[in-house]
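Here is the structure we will look at, set down as structure tokens.
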Amino acid sequence: MNRLNNKVAIVTGASSGIGRVTAKLFAAEGAKVVVGARRQAELDSLVAEIEAEGGEAIAVAGDVRSEDYHKALVAAAVTNYGKLDIAFNNAGIIGEAGPSTGVSEAGFSEAVAVNLTASFLAAKHQIGAMTEHGGGSVIFTSTFVGYSFAFPGVAAYAASKSGLIGLTQALAAEFGPQGVRVNAILPGAVDTDMYRGVNDTTEKQAAITAMHALKRVATPDEVARSVLYLASDDASFVTGTASLVDGGISISRS
Ligand SMILES: NC(=O)c1ccc[n+]([C@@H]2O[C@H](COP(=O)([O-])OP(=O)(O)OC[C@H]3O[C@@H](n4cnc5c(N)ncnc54)[C@H](OP(=O)(O)O)[C@@H]3O)[C@@H](O)[C@H]2O)c1
């Protein structure tokens, strides 16, 4: 408890899955949290849950592809809570999947827009607010896919998500001198709506489960606790990393 006391955080992709659980964990650890996603009703119910548990949060709904949305999220943090310390840029989509020779330009571009460009736009506005108060922690949600493991048929997802690792390194080098740490978290398979959408049969779920050394997929809470580490002062010397939280899928051949 209290690992994020007096901290102010933004969490995107907070309407479901990893983002929702992480926003609740941040609040339980003492952070004031600005939660973002497009689905207003889900954000409102999240804020109600956080408040019922004694935490503080506000919802700002919008689309991460909009630069103005990132300005609004930062403004909400600064106006309501006085500053910004932590940003978990987690919103993401699988994008158009299937044989790459059939993927449309629009489908490929959408994945890049949501997964990569939006993350850049988020950090662009978050970092200025962080450096005004001595620094902060930016965390992007990447994935093992396109980094340490390749699946056929998800080129847009793999390319957009692995781009986040270059973005992480570039921003970590550029803003480290001002006290901003920037890291990417790379989960293995996590039991969320996205996971169940892709792995929509028991056979597919069994196959992906077996690829992990731990022979199971993660709960969102297991990823959230690693994000908490990167967000907190426990990770005060950790920056520029591609941090695998993947149940060993990257190293398992059994
Ligand atoms: N589940 C896995 O196995 C796994 C593994 C590795 C990495 N990841 C990554 O983890 C992150 C979270 O995914 P999840 O598994 O928790 O799935 P999820 O439940 O589907 O969450 C995705 C989140 O992204 C938000 N989002 C999507 N497009 C958006 C847009 N244009 N503007 C604003 N918000 C948008 C969604 O909110 P709205 O629909 O309300 O906008 C939702 O809150 C993603 O970046 C994903 O790529 C997941």
Side-chain angles (χ1 to χ4, degrees), residues 10-25 33-47 59-70 72-73 87-97 107 109-119 121-122 139-151 154 156-165 167-168 184-200 204-205 207-209 211-212 214 216-224 226-227 242-247 249-250:
I10 291 171
V11 176
T12 72
S15 56
S16 58
I18 295 166
R20 188 178 186 95
V21 173
T22 304
K24 291 188 73 170
L25 181 60
V33 190
V34 179
V35 295
R38 291 166 300 182
R39 287 172 288 169
Q40 181 82 58
E42 278 77 356
L43 294 180
D44 289 344
S45 71
L46 171 61
V47 168
V60 180
D63 191 315
V64 290
R65 287 171 291 187
S66 158
E67 184 163 5
D68 283 343
Y69 180 50
H70 297 293
L73 288 165
F88 181 36
N89 297 309
N90 165 73
I93 56 169
I94 291 289
E96 190 173 332
S109 296
E110 186 193 22
V112 173
V114 175
N115 293 340
L116 181 57
T117 310
S119 297
L121 294 172
I139 302 135
F140 299 114
T141 306
S142 181
T143 167
F144 68 102
V145 178
Y147 177 75
S148 52
F149 202 109
F151 289 110
V154 286
Y157 186 67
S160 58
K161 285 290 189 178
S162 62
L164 284 173
I165 293 164
L167 180 65
T168 296
I185 196 132
L186 280 57
V190 189
D191 191 0
T192 65
D193 294 347
M194 178 184 284
Y195 165 80
R196 287 175 183 268
V198 174
N199 302 289
D200 55 356
K204 287 182 190 172
Q205 289 181 14
I208 186 98
T209 297
M211 290 177 198
H212 293 72
L214 294 177
R216 62 181 182 83
V217 302
T219 65
D221 181 62
E222 289 179 296
V223 179
S226 291
V227 178
S243 185
L244 284 163
V245 182
D246 74 345
I249 194 168
S250 297

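Counting starts at 1 for both ligands and their atoms, following the listed order.
- In this structure, the protein non-hydrogen atom closest to atom 26 (N) of ligand 1 is A91 CB, 3.9 Å.
- In this structure, the side chains of V114 and V64 come closer than 4.5 Å at one or more pairs of heavy atoms.
- Side-chain atoms of N115 and I93, non-hydrogen and from C-beta on, do get closer than 4.5 Å to each other.
- Distance check, rounded to the nearest 0.5 Å: CD1 of I139 to CG of N89 gives 8.5 Å.
- Inclusion of V190 in the set of residues having an N or O under 3.5 Å from an N or O of ligand 1 is warranted.
- V190 has its side chain out of reach of Y195: every pair of non-hydrogen atoms, C-beta onward, lies at least 4.5 Å apart.
- Of the protein's non-hydrogen atoms, the one nearest atom 17 (O) of ligand 1 is M194 CB, 3.4 Å.
- Shortest contact from atom 44 (C) of ligand 1 to any protein heavy atom: N90 O, 3.3 Å.
- Proximity annotation for atom 22 (C) of ligand 1: of S119, S142, G92, G17, G92 comes nearest, heavy atoms only.
- Every atom of ligand 1 is numbered from 1 in the order shown, and the set under 4.0 Å from a heavy atom of T143 is 6 (C), 7 (C).
- At a heavy-atom distance under 4.0 Å, only side-chain atoms of I93, from C-beta outward, approach ligand 1.
- The atoms of ligand 1 that sit less than 4.0 Å from any heavy atom of A14 are 43 (O).
- Within the 4.5 Å cutoff, the side chain of L186 has heavy atoms near those of the I165 side chain.
- Close approach of ligand 1 to T141 (heavy-atom distance below 4.0 Å) involves ligand atoms 9 (C), 10 (O), 11 (C).
- Ligand-side atoms of ligand 1 in range of D63: 30 (C), 31 (N), 32 (N), range being under 4.0 angstrom from any heavy atom.
- Within ligand 1, counting atoms from 1 as listed, the ones closer than 4.0 Å to a heavy atom of G188 are 3 (O), 5 (C), 6 (C).
- By the criterion of a heavy-atom distance under 4.0 Å, the side chain of K161, and not its backbone, is placed next to ligand 1.
- Near R39, the atoms of ligand 1 lying under 4.0 angstrom from a non-hydrogen atom of the residue are 37 (O), 38 (P), 39 (O), 40 (O), 42 (C).
- Just one of R39, E42, Q40, R38 meets the side chain to side chain donor-acceptor pair (under 3.5 Å) condition when paired with S15; it is R39.
- In this structure, the protein non-hydrogen atom closest to atom 23 (C) of ligand 1 is G13 CA, 3.6 Å.
- Nearest protein heavy-atom neighbour of atom 43 (O) of ligand 1: S15 OG, 2.7 Å.
- The protein non-hydrogen atom at the shortest distance from atom 18 (P) of ligand 1 is S16 OG, 3.5 Å.
- For A113, the heavy-atom gap to ligand 1 stays at 4.0 angstrom or more.
- Annotation: atom 16 (O) of ligand 1 to nearest protein heavy atom, I18 N, 2.8 Å.
- Expressed to the nearest 0.5 Å, how far CD1 of I10 lies from CZ of F88 amounts to 13.0 Å.
- For atom 32 (N) of ligand 1, the nearest non-hydrogen atom from the set V114, D246, V64 belongs to V64.
- Neither the backbone nor the side chain of A118 comes within 4.0 Å of ligand 1, counting heavy atoms alone.
- Using a 4.0 Å cut-off between heavy atoms, Y157 contacts ligand 1 through its side chain alone, with no backbone atom that close.
- Taking every heavy atom of G62 and a limit of under 4.0 angstrom, the matching atoms of ligand 1 come to 32 (N), 33 (C).
- Residues satisfying the side chain to side chain donor-acceptor pair (under 3.5 Å) test with S250, not counting sequence neighbours, are S148, D246.
- In this structure, K24 and L46 have side chains that are in contact, with non-hydrogen atoms separated by less than 4.5 Å.
- Looking at T192 against ligand 1, only its side chain comes within 4.0 Å, counting heavy atoms.
- Between Y69 and V60 there is a side-chain heavy-atom pair separated by less than 4.5 Å.
- If you check which protein heavy atom lies closest to atom 41 (O) of ligand 1, you get R38 NE, 2.6 Å.
- In this structure, the separation between CD1 on I18 and CG on L25 is 13.0 Å, given to the nearest 0.5 Å.
- Using a 4.0 Å cut-off between heavy atoms, P220 makes no contact with ligand 1 at all.
- One finds the CD1 atom of I208 at 14.0 Å from the CZ atom of R216 (value rounded to the nearest 0.5 Å).
- Listed by number with element, the atoms of ligand 1 under 4.0 angstrom from any heavy atom of A189 are 3 (O).
- Defined by atom type and a distance below 3.5 Å, a donor-acceptor pair is present between the side-chain atoms of R20 and S45.
- Atoms CG and CG, from D68 and L73 in turn, are 11.0 Å apart once rounded to the nearest 0.5 Å.
- F144 places none of its side-chain heavy atoms less than 4.5 Å from the side chain of M211.
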